[in-house]
Amino acid sequence: MSQHILTAVAWPYANGPRHIGHVSGFGVPSDVFSRYQRMAGNKVLMVSGTDEHGTPIQVQADKEGLGVREVADRYNRLIAEDLTALGLSYDLFTRTTTANHYAVAQEIFKGLHANGYIFPKTTMGAISPSTGRTLPDRYIEGTCPICSYDGARGDQCDNCGNQLDPIELINPVSRINGETPVFVETEHFMLDLPAFAEVLGSWLQSKQGEWRPNVLKFSLNLLGDLHPRAITRDLDWGVPIPLEGWSDQANKRLYVWFDAVIGYLSASIEWARRSGDPDAWRQWWQNPDARGYYFMGKDNIVFHSEIWPALLLGYNGQGARGGTAGSLGALNLPSEVVSSEFLTMEGRKFSSSRQVVIYVRDFLARYDADALRYYIAVAGPENQDTDFTWSEFLNRNNGELVAAWGNLVNRSISMAAKNFGAIPEAGDLTDADRALLARSRAAFGPVGAELNRSRFKNAVNEAFDVVRDANRYLAEQEPWKIKDDPERVKSILHVALQVVDDAKTLLTPFLPTSSNKIYAMLGGTGVWSGMPEMKEVDEDGRSYPVITGSYEGAARWESASIRPGTPLAPPTPLFRKLDPKIVDEELARLGE
RNA sequence: GGGGCGGUAGCUCAGCCGGUUAGAGCAGGGGACUCAUAAUCCCUGGGUCGCGGGUUCGAGUCCCGCCCGCCCUACCA
């Protein structure tokens with residue numbers, strides 16, 4: 001049964017390059033999932049983009065002496081290049097600074113406002129006297145009024161842990177330029193989150209047994225303490241507020257978290273427009289049978305299990321105040337929020353400023369995308385924080401990718417090519433032959449079930465069990481010792497190649513590049529599993545890069561019979577074996 | 001301070017509703033083989049399941065307390 005599946009991938013923030021911790025949280029898992037779903041015959045729409053508004057971009061621009069737009073442009077392009085190089089199969093990877101995104105974000109705001117879920121409130125805000133810009137709480141520091149710790153931030157004291165209001169700080173100063181902020185009254189719009197407590201509660205309860213328990217428990221717990229949340233802020237870098245008397249205020253914008261989550265919808269709409277059928281997005285957002293899977297790191301759960309559903313419910317008119325759906329029509333809530341934990345780097349937190357980091361770009365300059373994808377799939381932070389170490393990366397690469405899987409492919413094709421120059425025909429099969437063939441065919445069920453539940457470690461391990469069994473089979477059959485029975489050798493190598501082909505299919509979601517190579521080695525034609533590409537597009541005369549691609553490859557989640565007689569060339573190695581000295585080289589690159 | 005998650009062999013991690021001698025991969029030790037990027041295959045040593053209580057015929061698996069790590073804490077993307 002073919003289903004419409006929306007893969008909604010967290011939006012990387014465009015204030016700098018992304019490191020491997022970021023892509024292990026949202027990037028690789030979402031791509032493995034999407035590739036599997038396409039192979040299983042479902043209609044996948046995988047969308048994301050760079051998140052480009054907000055104060056951190058403003059701060060970064062000031063630091064670099066550039067405009068916000070230039071900073072956003074630069075990191076949008078850089079991040080898009082990195083994600084493309086990793087092979088992430090976005091149907092559309094766009095950005096939040098498009099006219100389309102502005103229009104969709106404003107439409108959601110207007111819908112919520114019309115239904116009564118947004119109200120204004122006057123609060124005190126800090127501004128920088130020299131620039132006139134608002135200072136977010138966390139950019140203010142001073143002495144904690146409770147414990148007298150003098151490095152307290154405006155939102156919280158790191159020493160005593162108490163919540164603070166920046167106006168309470170003793171001797172407050174700006175962390176950006178050291179000056180003393182001025183506090184002034186300012187008016188903002190608030191989202192009435194408590195109006196959704198009940199409907200969110202029953203929605204979450206209905207996910208019992210389906211979501212990862214930690215995500216569900218965490219989300220349910222948040223419900224007990226919902227408060228109205230500001231959705232605008234004093235900043236000129238953002239989406240204008242679409243109300244009379246507000247839209248022309250240069251210094252009032254939608255707060256960045258509000259517009260960023262709407263990106264899933266706006267990107268889907270942009271994708272549909274570019275595909276030539278402007279209403280195509282509705283199949284993923286309004287069809288009751290469609291499913292939406294959201295991938296992110298754990299710091300983002302609240303936005304996806306609480307706030308984004310609240311925005312959708314409010315827009316649909318389904319909160320405590322009722323209402324009617326906006327002009328887009330009622331929209332589907334997430335089916336599942338798939339959250340990853342965090343990756344650490346050699347036992348420490350990733351930190352760009354302290355050079356405890358490896359950026360995706362630098363990683364891919366020295367190692368292959370499949371090597372990184374494999375590491376993340378098999379050793380990434382799927383259900384708990386995990387530690388990336390270069391020595392484990394080396395071991396996994398050399399011991400598992402190269403020695404177990406790459407070598408199985410290489411020895412099987414090499415023997416067949418050398419002895420027969422083609423895929424040999426099988427003769428009478430022995431019990432061992434039949435057992436191994438049945439073994440790899442039977443793996444599609446359980447491996448697929450694990451992938452469908454986003455249990456990637458189990459999936460890749462079960463796929464690798466097939467690889468280990470195939471290596472054992474060859475060791476037991478010893479075809480290289482058989483000198484007087486070429487028919488038996490043919491049967492053994494036929495079986496081995498069939499299982500290599502099956503394992504290649506099982507590993508395609510994780511290792512698309514190398515799987516494509518194996519497909520070609522065994523005589524496959526055309527595209528097996530499609531790869532993303534960057535394209536320049538125009539919108540209102542402005543050009544920007546997007547990631548897109550045609551993923552309608554030949555890959556299907558099933559065993560496909562290899563064709564005897566297909567010519568085989570001597571293989572070239574699929575994966576690079578790494579020199580152990582890279583561990584020390586990489587460690588030397590890390591800061592103290 | 002509050003909430004959440006985690007703390008299992010040298011390393012990275014599995015262990016669902018409590019049930020026989022706690023598992024895997026890698027690393028270590030021994031052996032076999034040579035088709036293959038010296039890759040592969042077989043055998044093997046190794047754990048007071050963070051600490052302390054409790055419930056139970058029986059707890060890594062449930063309850064309480066504590067210690068450690070990480071995430072969130074409502075203008076933090």
Side-chain angles (χ1 to χ4, degrees), chain A residues 10-15 51 53-57 123 125-126 134 136-139 146 153-157 160-163 166 186 188 190-191 193 212-215 217-222 224-235 255-258 260-261 297-303 306-307 339 341-342 344 347 349 378-379 381-389 391-392 395-396 398-400 402-404 406-416 418-419 457-458 461 464-465 468 470-476 478-481 489 493 496 571-577:
Chain A
W11 290 50
Y13 196 60
N15 66 338
D51 176 5
H53 295 126
T55 304
I57 301 247
T123 61
T134 302
D137 293 355
R138 69 187 179 121
Y139 283 104
I146 297 166
R153 292 178 304 163
D155 52 349
Q156 177 182 355
C157 174
C160 67
N162 282 292
Q163 293 285 312
T186 180
H188 282 293
M190 311 289 285
L191 175 67
L193 280 174
R212 291 180 186 175
N214 56 340
V215 178
K217 204 168 175 182
F218 178 86
S219 306
L220 282 167
N221 191 267
L222 291 172
D225 198 26
L226 288 180
H227 291 77
R229 188 156 173 150
I231 59 171
T232 57
R233 69 164 19 295
D234 295 301
L235 184 72
Y255 188 40
V256 59
W257 66 257
F258 180 88
V261 290
K298 63 179 167 183
D299 55 334
N300 257 314
I301 293 176
V302 63
F303 293 101
E306 220 75 54
I307 291 176
S339 161
E341 303 293 305
F342 274 28
T344 53
K349 290 175 75 166
V378 77
E382 187 172 309
N383 342 288
Q384 62 179 278
D385 291 355
T386 59
D387 189 30
F388 176 92
T389 65
S391 72
E392 192 185 353
N395 286 337
R396 296 271 188 191
N398 287 0
E400 297 174 18
V402 176
N407 183 51
L408 173 67
V409 177
N410 209 45
R411 68 196 301 209
S412 304
I413 296 182
S414 181
M415 271 189 280
K418 199 175 293 178
N419 289 299
K457 287 188 188 202
N458 285 352
N461 281 323
F464 252 76
D465 286 343
R468 284 184 259 275
N471 271 321
R472 182 177 304 119
Y473 167 86
L474 283 175
E476 287 167 354
E478 302 181 308
W480 50 88
K481 279 191 178 172
V489 176
L493 293 181
T572 52
L574 276 180
F575 304 106
R576 288 189 291 156
K577 182 165 178 165

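Labels below follow one simple rule: chain letters A, B, ... track the order of the sequence lines, proteins then strands, and each chain is numbered from 1. Predicted model only: the values in this text are computed from it and were never measured.
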Spacing of Asn410(A) atom CG and Leu408(A) atom CG [to the nearest 0.5 Å]: 9.5 Å
Once you round to the nearest 0.5 Å, how far does CG of Leu574(A) lie from CD1 of Ile413(A)? 7.5 Å
Roughly, in whole Å, what's the span from CG in Leu474(A) to C1' in C42(B)? 15 Å
Between CD of Glu478(A) and C1' of C41(B) the distance, given in whole Å, is 9 Å
Name the closest nucleotide to the Asn410(A) side chain, picking from C75(B), C41(B), U37(B). U37(B)
Roughly how many Å apart are U40(B) and C33(B), using the C1' atom of each and rounding to a whole number? 8 Å
Give one of base, sugar-phosphate or nothing for Phe464(A), where a contact means two heavy atoms less than 4.0 Å apart. nothing
Say we look at G3(B) and U20(B): how far apart would their C1' atoms be, to the nearest angstrom? 39 Å
Given C42(B), is OP1 or OP2 found less than 4.0 Å from the side-chain N or O atoms of Arg472(A)? yes
Pairwise P distance for U12(B) and U8(B), with rounding to whole Å: 9 Å
Take atom C1' in G46(B) and the same atom in G28(B), then report the distance between them in whole Å. 9 Å
Given atom CG of Leu222(A) and atom C1' of G3(B), what is their separation to the nearest angstrom? 8 Å
Can you find a pair of side-chain heavy atoms, one from Thr55(A) and one from Arg233(A), that are under 4.5 Å apart? yes
Counting heavy atoms from C-beta on, name the nucleotide in U37(B), U12(B), U34(B) closest to the side chain of Lys481(A). U34(B)
Ranking Ile307(A) and Trp480(A) by the position along RNA chain B of their nearest nucleotide, the one closer to 5' is Trp480(A)
Electrostatic pair Glu341(A)-Lys298(A), nearest N-O below 4.0 angstrom: yes
Between A27(B) and A9(B), how far apart are the two C1' atoms, rounded to whole Å? 12 Å
Starting at CD1 of Ile301(A) and ending at C1' of C70(B), how long is that distance when rounded to a whole Å? 13 Å
For C75(B) and G19(B), measure between their P atoms and round to the nearest Å. 45 Å
Evaluate the side-chain proximity of Asp299(A) to Phe342(A): yes if any heavy-atom separation is below 4.5 Å, no if none is. yes
Describe the nucleic acid contact of Asn419(A) in one word from base, sugar-phosphate, nothing, applying a heavy-atom distance below 4.0 Å. nothing
So does Lys418(A) get a side-chain nitrogen or oxygen closer than 4.0 Å to the phosphate oxygens (OP1/OP2) of A36(B)? yes
Could you state the atom-to-atom distance from NZ of Lys457(A) to P of G25(B) in whole Å? 16 Å
Interatomic spacing from CD1 in Ile231(A) to CG in Leu191(A) - rounded to 0.5 Å: 5.5 Å
Where the side chain of Ala475(A) is defined as all heavy atoms beyond and including C-beta, which of U37(B), U40(B), C71(B) is the nearest nucleotide? U40(B)
Could you work out the separation of A22(B) and G58(B) based on their C1' atoms and round it to a whole Å? 15 Å
In whole Å, I'd like the distance from the CD atom of Glu306(A) to the C1' atom of G3(B). 13 Å
Side chain of Glu341(A) only, please: which of A36(B), G25(B), C5(B) is the nearest? C5(B)
Report the nucleotide, chosen from C35(B), C26(B), U37(B), that has the shortest atom-to-atom distance to any side-chain atom of Val402(A). U37(B)
May I have the distance from Asn471(A) (atom CG) to C35(B) (atom P), rounded to whole angstrom? 15 Å
Of the candidates A36(B), C75(B), U12(B), the side chain of Ser414(A) sits closest to A36(B)
Distance-only, no hydrogens or angles: does the Tyr473(A) side chain make a donor-acceptor pair with backbone N or O of Arg468(A) under 3.5 Å? no
Less than 4.0 angstrom between a side-chain N/O of Lys349(A) and OP1 or OP2 of C71(B), yes or no? yes
Can you give the dot-bracket line for RNA chain B, using ( ) for pairs inside the strand, [ ] for pairs that cross earlier ones, | for pairs with another strand and . for unpaired bases, where Watson-Crick and G-U count if both distances are under 3.5 Å? (((((((..((((.....[...)))).(((((.......))))).....(((((..]....))))))))))))....
Sorted by position of nearest nucleotide on RNA chain B, 5' first, the leading residue of Asn395(A) and Thr386(A) is Thr386(A)
What pair of heavy atoms forms the shortest contact from Glu400(A) to Phe464(A), and how long is it? O-CE2, 3.5 Å
Is Ala260(A) touching bases, backbone alone, or none of the nucleic acid, heavy atoms closer than 4.0 Å? nothing
Nucleotide nearest Asp299(A) when distance is taken to its side chain, options C26(B), C72(B), C41(B): C72(B)
Output the rounded distance in Å from CZ (Arg411(A)) to P (U40(B)). 9 Å
Quick one: label Pro479(A) by what it contacts on the DNA or RNA (base, sugar-phosphate, nothing), any heavy atom closer than 4.0 Å. nothing
Taken to the nearest 0.5 Å, the spacing of Asn300(A) CG from Ile307(A) CD1 works out to 10.0 Å
In whole Å, measure the gap between the C1' atoms of C51(B) and G69(B) for me. 15 Å
With sequence neighbours left out, what residues match Ala403(A) under side-chain contact (heavy atoms from CB on, under 4.5 Å)? none
